[in-house]
Amino acid sequence: MLVWRLSRSYLVQNHTRFIHSSRDIIYATNVRIGNLFRVGNINHARKLFDEMPKRDVVSWNTLITGYWKNGLFQESKRLFDIMPLRNVVSWNSMIAACIENRFIDAAFEYFQNMPDRNIGSWNAMISGFIKCEMDDEAVTLFEQMPRRNVISYTAMIDGYAKKGQIKKARELFDSMPIRNEVSWTVMISAYVESDQFNEASDLFSRMPCKNVVAVTAMITGYCKEGKMEDARVLFNEIQCRDDVSFNAMITGYAQNGRGEEALRLLIDMRRYGLRSDQYTLVSVLAACSSLASLIEGKQIHALVYKYRFDTDVSVSNALITMYSKSGCLPDVEQVFEKICSPNIVSWNTIIAAFAQHGIYKKTLGFFERMKFYGIEPDGITFLSLLSACGHAGMVMESLYWFDLMKNTYNMAPRSEHYACLIDILGRSGQVENAYKMIQDMPFEADFGVWGALLAGCRFSLNIKLAELAAQKIMKLDPKNSGAYVMLSNIYAASGLWRKVTQVRRLMKVDRVKKQTAYSWIEIGNTLHYFVGGDVSHLAIDDIHTVIKQMYSHMEAVEDIA
DNA sequence: CGAGAGCCAT
């Protein structure tokens, strides 16, 4: 009897604790449906929904959101139309769905038609306008909305930042009543993006609670400044590193010419238990490109296949550059032809690849194909075309492309285009014409333009122009040793030894140090370094013998040509 | 169930 009573009370107790009201069942099922959609199991999610004896508005909303997040916008729309009862979230979800599919007008229609809006509706619509670069509309809504929260402000700040209106972004940031870590991060990355490192750093130091996202933005800032050691310190301080922070650090190394460290960090990343994604692969491929190390590049290419990123355009573009820098032109073409829809970067990349190897015909061919596919060339395309002419020594053609760019495509040449053209003119001994071109430029010549002129002067030993160009460069970039070295070389080639000594002395006074140039090659696991005049290599005599043979061979070939 | 942030290629 006692046992019976005990067990009965036990049962009653637990019954009340575990019994599911129909509301609980609906709630649990909704959560399950949402989770199934999140892992892309659409059919199973739908089956659960269909089998529900009773559904609430959240069930419908979960279904609607699940469909458009899996790329089935039309089904979301259909469900929205037939659902028995809608709440504000149903409407907001449809707004988000339209925005995701770039139907901004449809989104606004939902926004206007909905019976009542909450702050989320306004925020969704504002960020939609910002995504579609309709800033005026975003501002109008922001000003019209009855209440604003931290998300409204943050979305607007990000919008201003993306438009390059950093000042306005900052004003809003300062004026907002409450800031959270997202607002701080948006503002910091706005400064990083617009190369205002000190402002970014200042904000970062004042940020009360630094999460991994903000730290990653700051790491990017340090990397852009070339301060890799500082970036690494920040990176090491992160408590829980994620794929994005690893990618930022790897990219930093790759972009600062520290390919070995980028590759090493890729290994660390995998050891840390993180999978590399397309961002990682693009960056380590860039690292391989700068190292011109084909073996590692091919290994990464294998990873690209393994992780199924071989259809990613950016990855393919990075592969093209890698193979091009290693001189594997057949692989360059092979990767390119496998891209389903090459974008402007793909075309520019392959054009640049053949341009850099002086294969003018192929360069031209890809340019024609690009036009045939209806991709409009941009400034970078023309830069590649110009550089192709430079590598092939074709002055007339370069002037043709320059003219085509200006007059047929109505594009304003940038200083890089001028620098390229001036380089070509200089190499062909036309420094006077090159100087004329500088004088006719619609804007002030920069470091690159004067550098190209100075470099050109060594072909015709034009002392006057060389001195002028060197002077300009020293003014624009006082720490740069290149101008001093180049000028002194031109003096030396002209037999002006007293002037050579003068420049050397000037370098000491200005405390400019010549950077030693070196080249290297990796054979097996050994790295062989070579500096100019360096005879320390064990096989230096053999090397010199081979070089002499190559020179005489080249001369012989040139005679035939 | 809906709204805001960091990393990629010429």
Side-chain angles (χ1 to χ4, degrees), chain A residues 27 30-31 33-34 37 56-66 68-69 86-97 99 118-128 130 149-159 161 180-190 192-193 211-221 223 238 242-252 254-255 277-286 289 309 312-322 324 342-353 355-356 378-381 383-384 387:
Chain A
Y27 173 82
N30 289 345
V31 171
I33 293 174
F37 271 123
D56 63 5
V57 65
V58 179
S59 325
W60 286 90
N61 290 346
T62 310
L63 203 64
I64 287 174
T65 309
W68 71 257
K69 287 217 167 163
R86 300 178 192 115
N87 66 5
V88 64
V89 178
S90 328
W91 289 88
N92 288 353
S93 188
M94 281 317 291
I95 291 174
I99 290 168
N118 63 10
I119 201 159
S121 332
W122 290 84
N123 288 343
M125 206 58 234
I126 286 174
S127 71
I130 286 170
N149 62 9
V150 60
I151 295 179
S152 337
Y153 278 96
T154 308
M156 282 305 294
I157 292 170
D158 197 40
N180 63 12
E181 37 191 48
V182 182
S183 344
W184 283 89
T185 308
V186 165
M187 201 57 235
I188 289 168
S189 40
V192 169
E193 172 70 19
N211 62 11
V212 61
V213 183
V215 177
T216 304
M218 204 54 216
I219 286 174
T220 307
C223 292
I238 303 175
D242 61 6
D243 49 343
V244 181
S245 43
F246 263 99
N247 288 343
M249 199 63 225
I250 290 174
T251 307
Q255 287 174 346
D277 59 9
Q278 67 268 46
Y279 292 92
T280 326
L281 293 172
V282 163
S283 293
V284 289
L285 282 170
S289 303
F309 284 118
D312 186 281
V313 185
S314 296
V315 170
S316 303
N317 296 345
L319 276 169
I320 293 174
T321 308
M322 187 275 293
S324 167
N343 60 15
I344 177 79
V345 181
S346 319
W347 289 104
N348 286 347
T349 306
I350 193 142
I351 287 171
Q356 272 150 17
D378 64 5
I380 296 172
T381 319
L383 208 54
S384 295
S387 106

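Here is the naming used below: chain letters follow the sequence lines, and residue numbers restart at 1 for every chain. Not measured: the values here are computed from a predicted model.
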Between B/dC1 and A/Lys69, is there an OP1 or OP2 to side-chain N/O distance shorter than 4.0 Å? no
Send over the distance from [X] [atom1] to [N] [atom2], rounded to a whole Å.
X	N	atom1	atom2	result
A/Ile64	B/dA3	CD1	P	14 Å
A/Asn92	B/dA3	CG	P	9 Å
A/Asn30	B/dG2	CG	P	12 Å
A/Ile95	B/dA3	CD1	P	11 Å

What's the shortest heavy-atom distance between A/Thr349 and A/Asn317, and which atoms? CG2-O, 3.7 Å
For the residue pair A/Asn211 and A/Ala214, what are the closest heavy atoms and their distance? OD1-N, 3.0 Å
Which of these, A/Ile188, A/Ile151, A/Thr154, sits in a side-chain contact (heavy atoms from CB on, under 4.5 Å) with A/Ser183? A/Thr154
Among side-chain atoms of A/Asp56 and A/Asn30, is any donor-acceptor pair under 3.5 angstrom? yes
Do other residues, nucleotides or ligands put more than 12 heavy atoms under 6.0 Å from A/Gln278 CD? yes
How does protein reach along nucleotides 4-10 of chain B, written 5' to 3' as B (base within reach of a heavy atom under 4.0 Å), S (only sugar-phosphate), or - (no contact)? BBBBBBB
Distance criterion of 3.5 Å, no angle test: do you see the side chain of A/Asn118 paired donor-to-acceptor with the base of B/dG2? yes
Of A/Asp277, A/Asp242, A/Thr220, A/Thr216, which meets side chain to side chain donor-acceptor pair (under 3.5 Å) against A/Asn247? A/Asp277
